[in-house]
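Naming: A, B, ... by sequence-line order, numbering from 1 per chain. For the numbers below, each heavy atom of this structure counts, side chains included, while hydrogens, waters and symmetry mates do not.
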Protein chains: 2
Amino acid sequence: MKMSGGVEWGLHCCVVLSGSGEPVPAARLAEFHDVSATYLAKQLQALSRAGLVRSTQGQAGGYALTRPAAEISVLEVVEAIDGADPAFRCTEVRQRGPLAAAPEACTRPCGIAAVMGAADRAWRESLRAVTIADLAADVTRTVGVDTLPRARAWLTR
Amino acid sequence: MKMSGGVEWGLHCCVVLSGSGEPVPAARLAEFHDVSATYLAKQLQALSRAGLVRSTQGQAGGYALTRPAAEISVLEVVEAIDGADPAFRCTEVRQRGPLAAAPEACTRPCGIAAVMGAADRAWRESLRAVTIADLAADVTRTVGVDTLPRARAWLTR
DNA sequence: CTCAACTCGGATAACTTGTGTCCGAGAATG
DNA sequence: CATTCTCGGACACAAGTTATCCGAGTTGAG
């Protein structure tokens, strides 16, 4: 089980985009993070499709957050890039084989699916409790107060 | 993000194996669940490597649980088959690019990795709280009291 | 108003990982 | 002691992810 690596890039982009409504081109974001520009573009497109960022075209175009960073949860970014489907998908094994259960008896999910669903909900709830603003505040606290302003200045130079 | 489909098979096998110390061949388990025999064998080998099941060879051989079902958590089965690595792997983006952070300042995981780690722990804790015996009890309660005995009888006929 | 330059967006290839399969080594039974 | 059954690791195949490219559209300047 492995999450798409693009999630990390998307979260970093959201953090540096927080606090400045000015659009930043995808190429600039890629150079800042030293990652593949074309592939990062793909992740940003996913964020755009989910409505988390707004893209503007043209000469002074780029990406910007649509909402305040405090109103964007980590879960939203993860689901936008990695998909919202649960990691476990029940294939209804109980309805197969020589002692298969009757379909009408399987109106509720089986015990295994229930456990997996509960774990998935706990995971998502944990990610929903943290916002992009929280991440930005953590950067300010741990690395330095001027880190994010310097990053924004570099991105919009 | 998607979990290996073999996890579901492995869990179903553990449930039907609970309560009877008699070894059951992999081929029999595959026929009972109507799944690929050769691929299920792979999952059972993983369980054997993890020490959850004991394999005996020869004419009356097969697989059996090494411990009581009440002492085997769902998490152990998941980690044995799907691997124990966390879904998110931090690539230290903060140390790359024009404004890279100094390596000596990165002794602690970054905020993003911390959030992901916490979510992963919540997920694992949720799976650790349920045992194979709990799953078996759920089957008995929802589908019928004689379901598991009949399954065991079919497997050891 | 025209043009040019810059931006995003979806469609297109290479690769890693998971999926599925096969045959050989080893042990218990008759 | 031979046979038959079992597991175990090594071998192809497919799908999803990673990475890339070029065209459509828009903005801004001339």
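Heavy atoms of other residues, nucleotides or ligands lying less than 6.0 angstrom from CZ of B/Arg96 number more than 12. More than 12 heavy-atom neighbours from other residues, nucleotides or ligands sit within 6.0 angstrom of CZ on B/Arg152.
When rounded to the nearest whole Å, the span between CG of B/Leu44 and P of C/dG20 equals 15 Å. To the nearest angstrom, C1' of C/dT17 lies 17 Å from CD1 of B/Ile81. The nearest whole Å value for the distance from the CD atom in A/Glu8 to the P atom in D/dT17 is 17 Å. A straight line from CZ of A/Arg54 to C1' of C/dG9 spans 14 Å, rounded to a whole angstrom. The interatomic distance linking B/Asp85 (CG) with C/dG18 (C1') rounds to 15 Å, in whole Å. Between the CE atom of A/Met1 and the P atom of C/dG18 there is a distance of 11 Å, rounded to whole Å. In this structure, A/Leu47 places its CG atom 13 Å from P of C/dC8, rounding to the nearest Å. The distance between atom CZ of B/Arg89 and atom C1' of D/dT17, rounded to the nearest whole Å, is 14 Å.
A search for side chain to side chain contact (heavy atoms under 4.5 Å, CB included) contacts involving B/Asp134 returns B/Val130, B/Thr131, not counting sequence neighbours.
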Using atom types as modelled, flag every donor-acceptor pair under 3.5 Å from a side chain in residues 21-33 of chain A to any protein atom, sequence neighbours excluded.
unit_1	atom_1	unit_2	atom_2	d
A/Arg28	NH1	A/Leu155	O	2.9
A/His33	ND1	A/Leu29	O	3.0

Which donor-acceptor pairs under 3.5 Å do the side chains of residues 3-10 of chain A make with protein atoms, sequence neighbours left out?
unit_1	atom_1	unit_2	atom_2	d
A/Ser4	OG	A/Gly6	N	3.2
A/Glu8	OE1	B/Thr91	N	3.3
A/Glu8	OE1	B/Thr91	OG1	2.8
A/Glu8	OE2	B/Thr91	N	3.0
A/Glu8	OE2	B/Thr91	OG1	3.3

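Between A/Ser48 and C/dC8 there is no side-chain N or O to OP1 or OP2 distance below 4.0 Å. For C/dG10, the OP1/OP2 oxygens have a side-chain nitrogen or oxygen of A/Arg49 closer than 4.0 Å. For A/Ser55 and C/dG9, the shortest distance from a side-chain N or O to OP1 or OP2 is below 4.0 Å. Not one side-chain nitrogen or oxygen of B/Thr56 sits closer than 4.0 Å to the OP1 or OP2 atom of C/dA27.
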Walk along nucleotides 20-30 of chain D from 5' to 3' and tag each nucleotide B, S or - by protein heavy-atom contact under 4.0 Å, base first, then sugar-phosphate. BB---BBSS--
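As judged by a 4.0 angstrom heavy-atom cut-off over every strand, A/Gly6 is placed among residues making no nucleic acid contact. Using a 4.0 Å heavy-atom criterion, one finds that A/Ala26 contacts the sugar-phosphate atoms exclusively.
Proximity of B/Leu65 to B/Leu52: side-chain heavy atoms (C-beta onward) are nowhere separated by under 4.5 Å. Looking only at side-chain heavy atoms (C-beta outward), A/Ile112 and A/Phe88 come within less than 4.5 Å of each other. Between A/Met1 and B/Lys2, every side-chain heavy-atom pair lies at or beyond the 4.5 Å cut-off.
Comparing the end axes of the helix from C/dC1-D/dG30 to C/dG30-D/dC1, each fitted to five base pairs by superposing C1' atoms of four pairs onto the next four, gives an inter-axis angle of 10° (nearest 10 degrees).
A salt bridge (Lys or Arg N to Asp or Glu O under 4.0 Å) check over residues 56-68 of chain B, counting only residues at least two apart or in different chains, returns the pairs B/Arg67-B/Glu76.
Closest-nucleotide positions on DNA chain C for A/Tyr63 and B/Lys2 were compared, and the one nearer the 5' end corresponds to A/Tyr63. Both A/Val24 and B/Asp82 lie near DNA chain C, and the one whose nearest nucleotide falls closer to the 5' end is A/Val24.
Listed nucleotides D/dT18, D/dG9, C/dG9 differ in distance to A/Ser4; the shortest reach to its side chain belongs to D/dT18.
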Let's go through B/Val74 and B/Cys14 carefully: what are the C-alpha distance in whole Å and the side-chain angles of both, what is the deciding distance for side-chain contact (heavy atoms from CB on, under 4.5 Å) to 0.1 Å, and is it a yes or a no? CA-CA 10 Å; B/Val74 173; B/Cys14 288; over 6 Å; no
